[in-house]
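Comments concern the structure below.
First the proteins, then the strands, lettered A, B, ... as listed; each starts at 1.
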Amino acid sequence: MKKWLKVAAVVILIFVHFGGLIFMVPRREIVNETIRAVYFHVPMWFGMVYLFSASVYYSIRYLKKPSPDLDRKSVEYANIGLMFGILGILTGMIWAYYAWGDFWHGDPKQNGAAITLLVYLAYFVLRGSVDNEEQRARLSAVYNIFAFAAMVPLIFIIPRITDSLHPGNGGNPGFNQYDLDNRMRPIFYLSNIGWILIGVWLVSLRLRLNVLTEKINEIEDEKN
Amino acid sequence: MKKIKAILVTITLVFCASFLKADTPQIDSLTLRSPSITKVDSATSVVKKSEFIEMADRLRADGKIYVVVAIILTILGGVLTYLILLDRKIGKLEKALKNR
């Protein structure tokens with residue numbers, strides 16, 4: 001990852017955390033001040049969707065032309081994406097406790113998000129259960145495509161065609177004028193960019209660590 | 001690569017600029033008066049209170065919101081610093097392994 005992107009991520013996030021708490025937001029019923037959660041909770045999901053998309057991209061490329069490098073990339077993207085998803089669901093639960101009255105409301109959005117996370121957890125279970133490296137890579141690449149295909153309706157479509165209480169859902173298209181004011185857009189988009197950059201940064205660190213571990217293993221093999 | 005860089009920087013700047021422009025007319029709401037607190041009923045010309053939507057106005061008026069901002073920025077700064085240090089550490093390891 002380029003250095004200037006890392007600098008941009010840090011600067012953007014500091015600006016977003018300051019502006020997200022200080023700058024004006026529209027007054028809305030029910031959500032009241034918690035509308036600011038849009039700046040912090042929603043970017044987790046944007047980040048997750050970006051990282052999972054990257055993961056499935058590398059999976060497809062792996063299936064076209066297998067290489068351990070592509071497999072590693074798709075795993076690490078899915079890994080950090082899952083972390084973002086867990087953070088998203090936890091922050092959502094905190095918000096739901098105050099807005100809906102319970103941590104787990106059983107809302108289609110919550111259930112869909114939970115199923116998505118379980119589907120992706122199963123991806124790692126699958127990887128852990130196959131010993132042969134090539135087989136593991138190929139099986140998990142195929143499964144990754146399925147997981148991504150399951151995520152899209154679970155998070156984006158089902159909550160919109162049913163009665164989800166989640167802002168931006170329940171028959172409405174997302175981010176309409178009632179959910180996201182023009183004043184909020186710049187910080188909201190910047191927050192998404194910032195968190196996606198942090199996600200990619202984390203992925204790059206994990207990839208580098210993987211390469212290091214492999215090199216050290218090679219050296220140790222030579223010694224023996 | 002330079003082109004992409006320039007485009008990204010421009011987009012970011014436009015975002016920031018649009019934010020400033022969008023926020024300026026809202027300065028009167030800094031005085032904590034919601035535009036919909038009072039409304040004159042045109043039929044009876046009675047001033048009545050319409051739905052007042054509660055926000056954390058007190059916290060802002062007291063300036064205590066800055067305490068929260070300071071706390072959150074400290075944590076964010078700590079985590080980001082940790083990330084940068086980790087990045088450097090991995091970089092050093094990579095160099096050490098290369099020079100073997």
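Between His17(A) and Phe40(A), the ring planes are tilted. Angles from 30° to 60° get that label. Ring geometry for Tyr97(A) against Phe103(A) counts as parallel: the plane angle stays under 30°, on a 0 to 90° scale with 60° as the upper cut. Between His41(A) and His166(A), the angle of the ring planes lies from 30° to 60°, which puts this pair in the tilted group.
Of the residues listed (Tyr57(A), Tyr120(A), Phe84(A)), the one engaging Phe52(A) in a ring-ring contact (aromatic ring centres under 6.0 Å, His included) is Tyr120(A), and it is the only one.
The backbone N or O of Trp104(A) sits nowhere less than 3.5 Å from a side-chain atom of Gln110(A) that would complete a donor-acceptor pair. The main-chain N or O of Ile155(A) is found under 3.5 Å from a side-chain atom of Lys109(A) such that the two form a donor-acceptor pair.
The existence of a salt bridge linking Lys3(A) and Asp87(B) is excluded, since no basic side-chain nitrogen approaches an acidic carboxylate oxygen closer than 4.0 Å.
For residues 199-219 of chain A, a heavy-atom distance under 4.5 Å to chain B picks out Trp201(A), Leu202(A), Leu205(A), Arg208(A), Leu209(A), Leu212(A), Lys215(A), Ile216(A), Ile219(A), given by residue number. Scanning residues 70-80 of chain B against chain A with a 4.5 Å non-hydrogen threshold yields Ile72(B), Leu73(B), Leu76(B), Leu80(B), sorted by number.
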Could you go through Phe148(A) and Tyr123(A), starting from their C-alpha distance and side-chain angles, then the distance that decides it, and tell me whether this counts as ring-ring contact (aromatic ring centres under 6.0 Å, His included)? CA-CA 11 Å; Phe148(A) 188 79; Tyr123(A) 171 76; over 10 Å; no
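Here CE of Met93(A) is found 9.0 Å from CG of Asp102(A). Values are rounded to the nearest 0.5 Å.
The local environment of CZ in Phe124(A) is crowded, with over 12 non-hydrogen atoms from other residues, nucleotides or ligands closer than 6.0 Å.
At a 4.5 Å heavy-atom cutoff, the contact between Leu97(B) and chain A is made by side-chain atoms alone.
Across Leu59(B), Val68(B), Ile84(B), the residue that shares the most heavy-atom pairs under 4.5 angstrom with chain A is Ile84(B).
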